[in-house]
Amino acid sequence: MSRYDPAVIEKKWQDAWDQAGCFTARRDPARPKYYVLEMFPYPSGRIHMGHVRNYTMGDVVARTKIAQGYSVLHPMGWDAFGMPAENAAMERGGHPKEWTYGNIADMRDQMKPLGLSIDWSREFATCDPEYYGQQQAMFIDMMEKGLVYRKNAVVNWDPVDMTVLANEQVIDGKGWRSGAAVERRELTQWFFKISDYSEDLLTALDGLKDWPEKVRLMQANWIGQSRGLQFAFETVGAPAGFERLEVYTTRPDTLLGASFAAISPDHPLAKALESDPKVAAFVAECRKGGTSAEEIETAEKIGFDTGIRVKHPLDPNWELPVWIANFILMDYGTGAIFGCPGHDQRDFDFATKYGLPIKPVFVAEGADEAPLAEAFVPMKSERVRYVRGFAGDAVQTGDQAVAAAIAHAETNGYGQGVTKYRLRDWGISRQRYWGCPIPVIHCATCGVVAEKKENLPVRLPDDVTFDVPGNPLDRHPTWRDCTCPKCGAKARRETDTMDTFVDSSWYYARFTSPHAATPTDAADVDYWMNVDQYIGGIEHAILHLLYSRFFARAMHKTGHLPAKAIEPFNALFTQGMVTHEIYMTRDGNGRPVYHLPEDVIRSESGATLKDGTPVEVIPSAKMSKSKKNVVDPMNIIAQFGADTARWFVMSDSPPERDVEWTASGAEAAFKHLTRVWNLCSRIGELPADHTGPDDDMLRKATARAIHDVTQGIETFAFNKAIATLYAFTNTLAKADASTPVMKEAIRTLAKLMSPMTPHIAESIWTYQGGDGLCATAPWPKADPALLVDDTVTLPIQINGKRRAEITVPKEMPASEVEKIALADEAVIRFLAGQPVKKIIVVPGRIINVVV
RNA sequence: GCCCGCGUGGUGGAAUGGUAGACACAGGGGACUUAAAAUCCCUAGGCUUCGGCCAUGCCGGUUCGAGUCCGGCCGCGGGCACCA
């Protein structure tokens, strides 16, 4: 066997796998299927270490499942619509389409050398007309089922990207991509009725046993179920049509602490009052506030007394003033509240500012009523004493009191208990070019009409320019012109395109039949769905995964997915990031200048540039181009090979945690692979009739390695699987056993390494006479007889401290073990004649002597 | 502010309530070499009077036995937020 040269073997085996078609997914009713999917990448043009880690994890699972006899689907595609392509067109000229497809080709070229077990015949990009045409067909089906609607809505307008953002895409009042302060605008928008599924999306989370608890919790919080009381105040002095004011509260037990009612500036009543210039001015003042983080932090609670009064539901003689207040949101609850300053800090601040009464409703269990310096807001599970209660016991928990208050309201007919959700409908309209056109036509006589399916896809025009901001579809000379599918008259196309989250909400289903003439093929989705293992970043814990869960339900309703697939991802794994130290110097003005790791010489004491300039080392953070703490996977592959990169990203850190990339770690991985290679050579050169004393030991170690590595992979403890492989390699290197046992051990080592380092495994496998390709060879099974030891070493504790150990036959009865332990020399010395009070023998585990 | 999660050697990390520190990185020593690189071997939590003692963020508790379970602090990270 020659020198370990990854550049030679990796290409060779990739070609061999291609030729053998090992990774082409086939429907095979005779075998169980396994669908493993990693979140598909955005085609930025360059792969990074995060991709390598993500796809290696999926590859380890896929390759293991192939070896275990499953029919495996492991596809790859591109989340290819979106603004970066348009931004590139604006900055550099060219066309988003060329930029995107060019990037896809580049990235595919960078991914192939990783040796991933991907069925490339299923590859697609979401910007392929073949894909987005099917998405348009589903949109039309969803319209028919009432899952799509338009409404005039106040939306988040991103003034830089000239587009609307979903509430979820506004982070700290800024656009999640552009970072620009978001403004409020009113536009007619397209929405998906995700709120129809609020309850189902929430309760079904309980069934997702193989999802991280954290993700389920984040989704539950996002959906935001609350139980409260909805009731109507009778108004005094309100305009016609506003005789009643509906409010919602989660704390109906505090009703007797009410000191005012407040409505949102966007409330219909506020609009009705806008004829009063003072109201109009106040409402305008509230709107100006916007939602930027800075303003939220500094925003003062402001209000305007409308002069209208409402009657308290429990006492018609008690009237409360109605204020318009800037901290009331129109799209939560009813857009109107009653304020209870004693038990809500916002209401407290508001009441303090405007001199409204502050009365406690309850006090701590042992306390007396006293003036409040701030709102008293204990946990609802805590018991408190009600001084202004009206339902339930005087001393009860908040939860009990809320339930009692709702019951009281329902019995007396002034309100009813309702369940509300925070989740809002999904606004999908984007005023952008590079997205899936919404397949709808506006006709002067017929109104909004869906395009005929035979006219799909509604293709994006190629002749567009990006020299002015705004939507190129809107200013295209002819694209909008069309005929009404209903009446045939001249009409205009919708120029909004869809949020790119729509594209990624069903790609997992499309992979089951990527070229079908319908969105999915019934036989294919039935065979392949669900995704058995989904792997991706925690950053998609809420949006992408929630939208996908909704979309699967919508696809079921429109006949594109079977009922079993409404939760499309059986198991989810969220991997950590790849991090790296940051190297920084400062320029003449003291501004930071960052340096690439390859330009820095790292030593124990610190770091310098190649010219000796000292460099400040900043602790590891996510690899990012701006901090230049990036390592290009292509450079690593060129230097060490893909197997080294794959081995390193899977070793050391648990996969759900961040892993720090270090040059020494990568070198160590390469050295180890070289050691395995050399070990293989040495074993290959053993004479066929060589014998040694370690046959039994090595057979047992091999069985143990099979067991531990398999378990490590199956529980996503890849770092532990790799630790086992290191240990087994060390054992094998030191063993002197007969040639067949040595060969069996190294072949097993190769097979166990193959999910992580498939190329070197293949070379070793072949060299050691393995049958066929290692990639498709069956996964080894440990002989159970070899996993049990005849003897066991038991530590002996005296009063909980380890003092000695004995080795006894595994099945020895506890009474015998006790005798041997007490006869042990070290034990006798430590006991020093003290009487033994108690002796605990845990079979196979430990002995504890208590004195 | 609320809700999660996490604190173990110089570093990344192992450890069904049962020998804390597996495996690896960095370090130290040695072999080989004219020398270096590479490779191989040994060593490696701290302290020690060489008997041991102290060690899993801190303080208590449960237990024969706690890194692991419970309570309270401290620190770090993530998520959510004028959400009624």
Side-chain angles (χ1 to χ4, degrees), chain A residues 172 212-222 224 226 228-229 247-252 254 262 264 289 291 295-297 299-301 325-329 331-340 343-347 349-350 377 379 420-424 538-539 541-542 579 602-604 620 648 651-654 656-669 671-672 674-675 678 708 717 719-730 733-734 793-805 829-830 837-842 844-851:
Chain A
D172 293 337
E213 186 58 42
K214 182 191 171 93
V215 173
R216 290 191 284 164
L217 188 72
M218 284 164 74
Q219 291 218 349
N221 289 342
W222 188 263
S226 68
L229 178 73
V247 299
Y248 172 71
T249 176
T250 55
R251 289 310 298 259
T254 65
S264 163
T291 52
E295 279 165 314
I296 284 171
E297 271 167 34
E300 217 186 322
K301 287 168 187 54
N326 65 340
F327 62 97
I328 312 297
L329 300 179
D331 42 10
Y332 191 83
T334 60
I337 63 150
F338 76 81
C340 176
H343 303 289
D344 183 298
Q345 192 59 43
R346 290 160 301 166
D347 295 348
D349 296 344
F350 190 79
V377 191
M379 304 266 281
K420 288 201 186 285
Y421 297 90
R422 202 182 77 114
L423 183 67
R424 283 171 254 177
I538 187 74
E539 68 273 19
I542 298 176
T579 65
R602 192 79 173 85
S603 70
E604 206 193 333
S620 268
F648 179 75
S651 64
D652 284 356
S653 289
E656 68 276 13
R657 272 200 234 173
D658 293 350
V659 64
E660 182 176 15
W661 184 275
T662 58
S664 57
E667 275 162 34
K671 282 181 194 173
H672 176 72
T674 307
R675 249 189 320 267
N678 294 337
D708 290 355
N719 57 323
K720 285 189 256 176
I722 285 187
T724 301
L725 288 168
Y726 269 112
F728 181 48
T729 305
N730 292 341
K734 285 177 185 154
T793 300
L794 297 175
I796 303 172
Q797 293 182 335
I798 293 169
N799 284 344
K801 282 188 188 296
R802 182 187 171 277
R803 296 300 184 186
E805 64 179 37
R829 183 157 51 82
F830 270 98
K837 277 195 204 148
K838 194 173 172 186
I839 178 161
I840 292 141
V841 178
V842 183
R845 277 291 176 191
I846 203 166
I847 302 155
N848 195 3
V849 182
V850 187
V851 294

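In what follows, every chain begins at residue 1, and chains take the letters A, B, ... in the order their sequences are listed.
Note that CG of A:Leu423 is 8.5 Å distant from CH2 of A:Trp222, once rounded to the nearest 0.5 Å.
Looking at which nucleotide of RNA chain B each of A:Ile337 and A:Val849 is closest to, the 5′-most match is held by A:Val849. Projected onto RNA chain B by closest heavy-atom contact, A:Phe338 and A:Lys214 fall at different nucleotides, the more 5' of which corresponds to A:Lys214.
Tested against A:Leu794 for a side chain to side chain contact (heavy atoms under 4.5 Å, CB included), the candidates A:Ile846, A:Val842, A:Ile847 yield a single pass: A:Ile847.
Nucleotide B:A24 is matched to B:U11 when pairs are restricted to Watson-Crick or G-U wobble geometry with both distances under 3.5 angstrom. For B:C83, there is no paired base (Watson-Crick or G-U wobble, both distances below 3.5 Å). Across all strands shown, B:A35 remains unpaired; no Watson-Crick or G-U wobble contact has both distances below 3.5 Å. The base-pairing partner of B:C6, taking Watson-Crick or G-U wobble contacts with both distances under 3.5 Å, is B:G75. Figure legend. B:C50 is base-paired to no nucleotide; pairs are counted as Watson-Crick or G-U wobble with both atom distances under 3.5 Å. Nucleotide B:C40 forms a pair with B:G30, judged by Watson-Crick or G-U wobble geometry with both contacts under 3.5 Å. Shown here, B:A55 forms no base pair; nothing in the strands shown gives a Watson-Crick or G-U wobble contact with both key distances under 3.5 Å. Checking B:U19 for Watson-Crick or G-U wobble geometry (two distances, each under 3.5 Å) identifies no partner in any strand.
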| remark: Per-nt protein contacts along nucleotides 46-62 of chain B (heavy atom under 4.0 Å; B base, S backbone sugar-phosphate only, - none) come out as ------SSS--------
| message | Output one letter per nucleotide in nucleotides 7-24 of chain B: B when a protein non-hydrogen atom lies under 4.0 Å from the base, S when only the sugar-phosphate is that close, - when neither is. | response | -----BSSSB-BB--BSS
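Nucleic acid contact for A:Ser651: none, since no nucleic acid atom lies under 4.0 Å from a heavy atom of the residue. Contacts of A:Lys671 with the nucleic acid, taken as non-hydrogen atoms under 4.0 Å apart, involve only primed sugar atoms and P, OP1 or OP2. Nucleic acid contact class of A:Ile328 (heavy atoms, under 4.0 Å, all strands): base. Contact annotation for A:Gly335: base contact, defined as any heavy-atom pair under 4.0 Å involving a base atom.
Applying the 90° criterion around 0 to the glycosidic angle, B:G51 comes out syn. Regarding the sugar-base torsion, B:G29 falls in the anti class, its angle being beyond 90° of 0.
For the pair A:Thr249 and A:Ile337, the minimum side-chain heavy-atom distance is 4.5 Å or more. A heavy-atom distance below 4.5 Å is found between the side chains of A:Ile542 and A:Met218. Between A:Thr729 and A:His672, some side-chain heavy-atom pair lies under the 4.5 Å cut-off. Using a 4.5 Å cut-off on side-chain heavy atoms (C-beta onward), A:Leu229 and A:Tyr248 make no contact. Looking only at side-chain heavy atoms (C-beta outward), A:Thr793 and A:Glu805 come within less than 4.5 Å of each other.
Nucleotides B:G7 and B:G61, compared at atom P, are 23 Å apart to the nearest Å. Between the P atoms of B:G28 and B:A44, the separation comes to 16 Å (whole Å). B:C70 and B:U62 are spaced 15 Å apart, taking the P atom of each and rounding to whole Å. Spacing of C1' atoms, B:U11 relative to B:A26, comes out at 7 Å, to the nearest Å. Rounded to the nearest Å, the gap between the P atom of B:G5 and that of B:U56 is 23 Å. Across B:G75 and B:C69, the matching P atoms stand 22 Å from one another, rounded to whole Å. Rounded to whole Å, the separation between the C1' atoms of B:C58 and B:U8 comes to 15 Å. Remark: the separation of the P atoms in B:G57 and B:G10 is 13 Å, to the nearest Å.
Here B:C3 presents its C1' atom at 12 Å from CD of A:Glu213, a figure rounded to the nearest Å. Between the C1' atom of B:A81 and the CZ atom of A:Phe327 lies a distance of 15 Å, rounded to the nearest Å. For the pair A:Asn221 CG and B:C80 C1', the interatomic distance rounds to 7 Å; values are reported in whole Å. Rounded to an integer number of Å, the gap from A:Gln219 CD to B:C80 C1' is 14 Å. One can place CG of A:Leu423 at 15 Å from C1' of B:C80, the figure rounded to the nearest angstrom.
In terms of modelled atom types and a separation under 3.5 Å, the side chain of A:Asn848 and the main chain of A:Ile839 share no donor-acceptor contact. The backbone N or O of A:Ser226 lies less than 3.5 Å from no partner atom in the side chain of A:Tyr421, so there is not a single donor-acceptor pair.
There is no side-chain donor-acceptor pair under 3.5 Å between A:Tyr726 and A:Ser651.
Between A:Lys837 and A:Val851 the shortest heavy-atom distance is NZ-O, 3.9 Å.
Taking the side chain of A:Arg422 as heavy atoms from C-beta on, and the options B:C64, B:A81, B:C42, the nearest nucleotide is B:A81.
With sequence neighbours excluded, no residue satisfies salt bridge (charged side-chain N to carboxylate O under 4.0 Å, His left out) with A:Glu656.
Between A:Lys838 and B:C64, a side-chain N or O to OP1/OP2 separation shorter than 4.0 Å is present.
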